[in-house]
Amino acid sequence: MLHRIGITGSPATGKKSVGRIVAKRLNYDFLDLNDLAINGNAIIGMDNRDFIIDPKKLRKLALEFIEGKNVIIVGHLLPSIFKRNEIDFVAVLRCSPWELMKRYAERGYSEKKAKENAGAEILDICLVEALRVFGRKKVYEFDTTGKTPEEVANELISSYKGGVKKKAIGIDWLTKVVESGELNIFFT
């Protein structure tokens, strides 16, 4: 039986770092959907320095890559490319929006792009999409705030192998942001 683990989340939550560690520890292949889109010529344009992806082409490339393999698949596009029956376990990596803003500054994101991505994290966009496509039984949240990729990989592997399950819909950044009175940091 083949195993496919999907890892999704907002930019800078640790998807690639955690995914590579999990793939190595489980001896699975590793697929980064963004890299596949770039290398497979599935990019059809640009919009404010963001790639516009041809989802049909990326899906075809991804299905070809995973055929006959145990694989870790990472990318925020996971719910747009795969169907419920094609992924066995979905990890949604989450991170404090305050920490994300620091990471975005380090990556040189514009203020607008940083706020859009942090806002998406606050509003659970990646979680909601994962739940919509893959269902509650397959989707688990992992908070990466203040943790090393190795620590998150350990939690993910433990949960995948039947250890402590991380419930979906357990992380609530919106309430914390509202209570902090710092909405203007993330939304203007």
Side-chain angles (χ1 to χ4, degrees), residues 2-35 62 66 70-104 106-107 109 114 116-177 179-180 186:
L2 296 175
H3 300 278
R4 289 158 183 158
I5 298 173
I7 302 175
T8 190
S10 298
T13 54
K15 297 178 296 294
K16 288 183 202 174
S17 299
V18 171
R20 285 186 179 105
I21 293 166
V22 172
K24 185 176 181 180
R25 289 189 186 164
L26 295 178
N27 197 30
Y28 284 13
D29 286 294
F30 177 81
L31 174 60
D32 177 346
L33 292 172
N34 288 344
D35 287 348
I66 69 171
N70 291 319
V71 64
I72 305 299
I73 306 159
V74 302
H76 70 281
L77 294 171
L78 187 81
S80 300
I81 303 303
F82 290 95
K83 297 178 182 174
R84 183 177 299 223
N85 64 337
E86 295 167 335
I87 305 290
D88 303 307
F89 180 96
V90 178
V92 180
L93 302 190
R94 308 293 307 275
C95 187
S96 155
W98 292 275
E99 178 63 28
L100 286 178
M101 290 297 281
K102 291 177 191 171
R103 293 178 187 181
Y104 297 150
E106 290 169 3
R107 291 182 177 194
Y109 283 29
E116 286 174 359
N117 286 319
E121 176 66 16
I122 292 165
L123 297 173
D124 303 332
I125 300 299
C126 290
L127 174 64
V128 169
E129 280 300 296
L131 288 166
R132 181 184 63 78
V133 173
F134 302 110
R136 289 179 76 101
K137 291 182 180 179
K138 290 186 179 183
V139 176
Y140 301 90
E141 287 181 292
F142 297 87
D143 186 352
T144 65
T145 309
K147 296 178 184 171
T148 66
E150 291 81 9
E151 291 170 320
V152 178
N154 288 340
E155 289 178 21
L156 193 156
I157 291 169
S158 175
S159 189
Y160 176 67
K161 289 187 172 183
V164 176
K165 295 286 185 183
K166 300 283 186 179
K167 290 176 24 178
I169 315 176
I171 298 171
D172 180 7
W173 299 126
L174 181 58
T175 299
K176 290 178 181 173
V177 168
E179 288 174 349
S180 75
F186 308 105

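Predicted, not measured: the structure shown is a model, and the values here were computed from it.
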Practice problem: Check the pair Arg132, Glu129 against salt bridge (Lys or Arg N to Asp or Glu O under 4.0 Å), reporting the backbone distance first and the verdict last. | Solution: CA-CA 5 Å; Arg132 181 184 63 78; Glu129 280 300 296; 2.7 Å; yes
Exercise. Quick one: list whatever passes ring pair (Phe, Tyr, Trp, His ring centres under 6.0 Å) with Phe134, sequence neighbours left out.
Key: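 So Phe134 forms no ring pair (Phe, Tyr, Trp, His ring centres under 6.0 Å) with any residue.
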Quiz prompt | For Tyr104, ring pair (Phe, Tyr, Trp, His ring centres under 6.0 Å) partners two or more places apart | solution =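 Tyr104 satisfies ring pair (Phe, Tyr, Trp, His ring centres under 6.0 Å) with Tyr109 once adjacent residues are dropped.
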Of all heavy-atom pairs between [X] and [Y], which one has the smallest distance, and what is that distance?
X      : Y      : result
Ala130 : Val139 : O-CG2, 3.6 Å
Asp124 : Ile171 : OD1-O, 4.1 Å
Arg107 : Pro11  : NH1-C, 4.5 Å
Thr144 : Cys95  : OG1-CB, 3.5 Å
Pro97  : Val177 : CG-CG2, 3.9 Å
Ile7   : Gly19  : CD1-CA, 3.6 Å

Quiz item: Could you walk me through whether His3 and Tyr160 pass the side-chain contact (heavy atoms from CB on, under 4.5 Å) check?
Solution: CA-CA 11 Å; His3 300 278; Tyr160 176 67; 3.0 Å; yes
Side chain to side chain, [X] and [Y], heavy atoms closer than 4.5 Å:
X      : Y      : value
Val152 : Asn154 : no
Ile72  : Leu31  : no
Phe186 : Trp173 : no
Arg94  : Cys126 : no
Val92  : Thr13  : no
Phe30  : Val74  : yes
Asp172 : Lys176 : no
Ile66  : Phe82  : yes

Practice problem: Please collect all side-chain hydrogen bond (donor to acceptor under 3.5 Å, both in side chains) contacts where either partner lies in residues 82-91, sequence neighbours excluded, each pair once. | Solution: Arg59-Glu86
Self-check item: Within residues 70-82 or reaching into it, pairs that qualify as side-chain hydrogen bond (donor to acceptor under 3.5 Å, both in side chains) - sequence neighbours excluded
Solution: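 Residue pairs with at least one partner in residues 70-82: there are none.
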Quiz item: Hey, is the main chain of Ser96 close enough, under 3.5 Å, to the side chain of Thr145 for a donor-acceptor pair?
Solution: yes
Self-check item: Partners passing salt bridge (Lys or Arg N to Asp or Glu O under 4.0 Å) against Lys16 (at least two apart in sequence or in another chain)
Solution: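 Asp32.
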Gap between atom [atom2] of [Y] and atom [atom1] of [X] - 0.5 Å precision:
X      : Y      : atom1 : atom2 : result
Ile122 : Leu100 : CD1   : CG    : 8.5 Å
Lys138 : Leu131 : NZ    : CG    : 12.5 Å
Leu93  : Leu156 : CG    : CG    : 7.0 Å

Exercise. Please state whether the rings of Tyr140 and Phe89 are parallel, tilted or perpendicular, taking 30° and 60° as the class boundaries.
Key: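 Judged by the thresholds at 30° and 60°, the geometry between Tyr140 and Phe89 is parallel.
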Practice problem: Kindly write out the residues that satisfy side chain to side chain contact (heavy atoms under 4.5 Å, CB included) with Lys102, not counting sequence neighbours, or none if the list is empty. | Solution: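 Scan of Lys102 (side chain to side chain contact (heavy atoms under 4.5 Å, CB included), adjacent residues dropped) gives Glu99.
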Quiz prompt | Partner of Ser10 under side chain to side chain donor-acceptor pair (under 3.5 Å), chosen from Lys15, Glu116, Glu121 | solution =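 Checked Lys15, Glu116, Glu121 against Ser10; only one passes side chain to side chain donor-acceptor pair (under 3.5 Å): Glu121.
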Quiz item: Only one of Ile21, Ile5, Val71 clears side chain to side chain contact (heavy atoms under 4.5 Å, CB included) with Leu26; which?
Solution: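 Filter result, single survivor: Ile5.
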